[in-house]
A.B. asks: 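One structure is given below, represented as structure tokens, and several questions about it will come after.
The residues of the chain are indexed from 1 along the displayed sequence. Each ligand, and each atom within it, is numbered from 1 in the order the structure gives.
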Amino acid sequence: MNKRIDLHMHSIFSDGELLPSEIARRAHVLDHEAIAITDHVDASNIDCVRRIRDVILDIRENWDIEVIPGAEITHAPAEIIGKLANKAKKLGAEIIVVHGETLMEPVVEGTNWAAVNCPDVDILAHPGLITPEEAQTAKDNNIALEISARRGHALSNGHVAKVAMEVGANLVVDTDTHAPEDIISYETAYNIAKGAGLPEKEILRALRDNPLEILRNKGIVE
Ligand SMILES: [Zn+2]
Ligand SMILES: [Zn+2]
């Protein structure tokens, strides 16, 4: 059976409900092999990345699930996204997500563009009505685009899937977990990808090959 990889989850270090250890435990029970804790950060709280990293490395060492410290740059002015991504990385975030221009929130225009032009960014989350130019730049800079399992953010999944496939950008299926019930099985992730209009081959890439490639490039998995 295929295992899940979810690189976008929130703990009590931002607005999630669970401790990193409970997220890891629940994800392990739902057959995840790797998860990233990517709490919301901007300039006001980015220092918490170091603390999250300390906590998470303990879990990673002791449990049979890869738990990766990360950060989601959220509602920052577009001009400083690159600077914050670089700082989060220096503080120990191994997966950098940017909170993209979802249809659900007034995310500042230019966020998608800033994210896809930043070499430290791994995933542009819930990118809303992403343009072909933004998707092409994401592909050129090896940044994955997210198919979101989260209610609301998922409204533009079909559009994101279509634009990404047109330019050949990599997709990942992540939950943006904030609460226990947000963590999903491989089968549910498969169905969300299918619901976004991805053909079988692209579904398998989005669920396995693309997230594994991100982790392999960083030396997190072999
Ligand atoms: Zn987000
Ligand atoms: Zn998020």
Side-chain angles (χ1 to χ4, degrees), residues 4-20 22-24 26-27 32 34-46 48-49 52-53 56 67-78 80-82 84-85 88-89 93-116 118 120-130 134-135 138 143-157 159-161 164 171-184 188-189 192 196 206 210-211 214:
R4 266 292 283 158
I5 300 170
D6 192 338
L7 302 179
H8 182 177
M9 305 180 106
H10 297 276
S11 76
I12 56 159
F13 283 94
S14 61
D15 60 351
E17 292 178 12
L18 303 175
L19 290 162
E22 185 170 348
I23 298 174
R26 287 177 177 271
H32 288 54
I35 61 170
I37 306 293
T38 54
D39 276 302
H40 298 290
V41 298
D42 73 354
S44 67
N45 70 335
I46 196 161
C48 75
V49 168
I52 297 170
R53 182 184 171 81
I56 285 173
V67 187
I68 303 148
E72 182 180 15
I73 314 294
T74 306
H75 286 292
I80 66 164
I81 285 173
L84 290 175
K89 203 173 169 183
E94 294 174 24
I95 295 288
I96 309 286
V97 178
V98 171
H99 186 85
E101 294 176 43
T102 171
L103 298 179
M104 290 307 286
E105 295 168 24
V107 175
V108 71
E109 205 184 320
T111 295
N112 282 356
W113 185 243
V116 296
C118 176
D120 292 320
V121 172
D122 299 297
I123 297 168
L124 173 58
H126 44 71
L129 299 179
I130 186 168
E134 287 162 352
I143 294 166
L145 304 176
E146 182 188 72
I147 297 295
S148 179
R150 191 156 178 78
R151 205 166 287 134
H153 292 337
L155 285 171
S156 59
N157 278 350
H159 172 78
V160 175
L171 290 163
V172 292
V173 180
D174 286 340
T175 59
D176 205 346
T177 281
H178 286 71
E181 62 272 19
D182 296 340
I183 306 171
I184 59 176
T188 301
I192 288 167
N210 296 341
I214 294 172

A.B. asks: Which atom, counting only N, O or S, brings His99 closest to the Zn ion (ligand 1)?
C.D. replies: ND1

A.B. asks: Is the Zn ion (ligand 2) less than 2.8 Å from an N/O/S atom of His10, whether that atom is in the backbone or a side chain?
C.D. replies: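 Yes.
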
A.B. asks: Let me confirm one number: the CG-NE2 distance from Asp15 to His178, rounded to the nearest 0.5 Å.
C.D. replies: 3.5 Å

A.B. asks: Are any of the side-chain heavy atoms of Asp122 and Ile96 separated by less than 4.5 Å?
C.D. replies: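 Of all side-chain heavy-atom pairs linking Ile96 with Asp122, at least one is under 4.5 Å.
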
A.B. asks: Quick one: do His126 and Ser148 satisfy side chain to side chain donor-acceptor pair (under 3.5 Å)? Show the steps, please.
C.D. replies: CA-CA 6 Å; His126 44 71; Ser148 179; over 6 Å; no

A.B. asks: Under 2.8 Å from the Zn ion (ligand 2), can any N, O or S atom of His178 be found?
C.D. replies: no

A.B. asks: CD of Glu109: more than 12 outside heavy atoms within 6.0 angstrom?
C.D. replies: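 Not buried by this count: 12 neighbours or fewer within 6.0 Å.
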
A.B. asks: Answer yes or no as to whether an N/O/S atom of His153 is found below 2.8 Å from the Zn ion (ligand 1).
C.D. replies: no

A.B. asks: Angle at the Zn ion (ligand 2): provide the value between NE2 of His8 and OD1 of Asp176, rounding to 10 degrees.
C.D. replies: 90°

A.B. asks: Report the name of the N/O/S atom of Glu72 located nearest to the Zn ion (ligand 1).
C.D. replies: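 Answer by atom name: OE2.
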
A.B. asks: Working to the nearest 0.5 Å, report the span between OG1 of Thr177 and NE2 of His10.
C.D. replies: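 Between Thr177 OG1 and His10 NE2, I get 8.5 Å after rounding to 0.5 Å.
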
